[in-house]
There are 2 protein chains.
Amino acid sequence: MTKKSPSPEAIAAWARLVRVSRQLVERTEDALKASGLPPLAWYDVLHELAEAGEGGLRPFELIDRILLAQYSVSRLLARLEVDGLIEKLPVSDDGRGQTVRITASGREMRRRIWAIYGASIADQIGDRLSAQDLKTLASLLGRLRDPPASE
Amino acid sequence: MTKKSPSPEAIAAWARLVRVSRQLVERTEDALKASGLPPLAWYDVLHELAEAGEGGLRPFELIDRILLAQYSVSRLLARLEVDGLIEKLPVSDDGRGQTVRITASGREMRRRIWAIYGASIADQIGDRLSAQDLKTLASLLGRLRDPPASE
DNA sequence: TTCATATAAATGCAATTGCATCGACAAGGA
DNA sequence: TCCTTGTCGATGCAATTGCATTTATATGAA
């Protein structure tokens, strides 16, 4: 096991990355709260389910797409169901599981959240960097994805 | 009140930013947990206090430096004190407040956390981008800081 | 079949967080 | 001095989270 020391540039980039992303998310959450809307996590689920279409998704598929623990997804879906934003259907070929589908209210809620969320992205990112810089940023970040499980 | 729509580039950059930073932090937290060490938030406090030197810091100064709510800092400090990593001193010219100072154990703990934290930064950031790219990344992120409180 | 193991999803319980408020002191005007 | 308002930090309580485990079903080997 080798202990490594990060370069000053790496430390600086890390600090900025963590701090900035926290601020961006926090501001967005605040904006949603101020509008009486649910948190971003709800949007993520509604978004994935909307993308998935009529077939819906199994909870475990949702877990891979949004980065949440199994129990978090389980509870999140329970709340979304109580609010009528999704529906759970038994799945024929696997008695353990279920399929989750977005409802009409769910689509409507997704739209309402996006009005705020999208504006927040535009304010905080879109208006501050050129399209070219945004591409550069996304590309650099892309190289940090999916670190191969270290040792 | 104007509702804006973000460009596709902005959406892509946002998604990457949020997702990547979450993954990086999560992996680091996991590494700390695996080593039986406390969470990153503890490091942040110990780091600030170490920087501050013998004079220590008032809790409200800490609040500005690390991005945490007042009650979070209050409780975090209480835990750090129980573990003997910091000490709270009454402050002479303000009977309401206190000064928080890092202890020797606190410095030791900071060192131990950094062994893991630093390695995680090197693994996840330092080894993946050149010094030049790291500077570019930090610079782009820098332009996203401190959004002027929107309307 | 039968049994051992694996996977899907939910949940009991303890720990943590967020919200609102409180208690204590400070600051400044009347 | 007295009173109002503001700031510092802590905390009661409800909601949420994390961990470990449970329940239910599937899968595959013997």
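Letters A, B, ... mirror the listed sequences (proteins, then strands); counts begin at 1.
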S.K.: Can you tell me the distance, in whole Å, between the CG atom of A:L77 and the P atom of C:dA10?
M.R.: 7 Å
S.K.: Can a salt bridge be assigned to the pair A:K4 and B:D127 using a cut-off of 4.0 Å between side-chain N and carboxylate O?
M.R.: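 B:D127 and A:K4: salt-bridged.
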S.K.: So, does A:Q98 get its side chain near the phosphate of C:dA10, meaning an N or O under 4.0 Å from OP1 or OP2?
M.R.: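 For C:dA10, OP1 or OP2 has a side-chain N or O of A:Q98 closer than 4.0 Å.
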S.K.: What is the separation between atom CD on B:Q70 and atom C1' on D:dG9, rounded to the nearest whole Å?
M.R.: 5 Å
S.K.: Starting from the 5' end of DNA chain C, give me the residue, A:K33 or A:R96, whose nearest nucleotide shows up first.
M.R.: A:R96
S.K.: What heavy-atom pair brings A:I86 and A:L77 nearest, and what distance separates the two atoms?
M.R.: CD1-O, 3.4 Å
S.K.: What is the distance, rounded to the nearest whole Å, between atom CZ of B:F60 and atom P of C:dA26?
M.R.: 13 Å
S.K.: Quick test of your reading of the model: are B:D123 and B:R27 salt-bridged, counting only N-O distances below 4.0 Å?
M.R.: no
S.K.: In whole Å, I'd like the distance from the CG atom of A:D64 to the P atom of C:dA9.
M.R.: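 Rounded to whole Å, this separation is 11 Å.
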S.K.: Rounded to whole Å, how long is the line connecting atom CG of A:L68 with atom P of C:dA8?
M.R.: 17 Å
S.K.: Rounding to a whole Å, what distance do you find between A:L89:CG and C:dA8:C1'?
M.R.: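 In whole Å, C:dA8 C1' and A:L89 CG are 16 Å from each other.
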S.K.: Within the 3.5 Å criterion, strictly below it, is a donor on B:T28 or B:Q124 matched to an acceptor on the partner's side chain?
M.R.: yes
S.K.: Could one point to a donor on the side chain of B:R75 or the base of D:dG9 with an acceptor on the other under 3.5 Å away?
M.R.: no
S.K.: How many whole angstroms separate atom CG of B:D93 from atom C1' of C:dA26?
M.R.: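 Going from B:D93 (CG) to C:dA26 (C1'), I get 11 Å.
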S.K.: Nearest 0.5 Å, what's the CH2-CZ distance between A:W14 and A:R19?
M.R.: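 Rounded to the nearest 0.5 Å, the CH2-CZ separation comes to 14.0 Å.
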S.K.: Map B:R79 and A:T99 onto DNA chain C by nearest heavy atom, then report which one ends up closer to the 5' terminus.
M.R.: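 It is A:T99, whose closest nucleotide lies nearer the 5' terminus.
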S.K.: Where each residue is assigned the nucleotide of DNA chain D containing its nearest heavy atom, which of A:S72 and A:G95 is assigned the position nearer the 5′ end?
M.R.: A:S72
S.K.: So, OP1 or OP2 of D:dA10: does either fall under 4.0 Å of a side-chain N or O from B:K88?
M.R.: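 Result: yes.
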S.K.: Please report, rounded to the nearest Å, how far the P atom of D:dT16 is from the OH atom of B:Y71.
M.R.: 13 Å
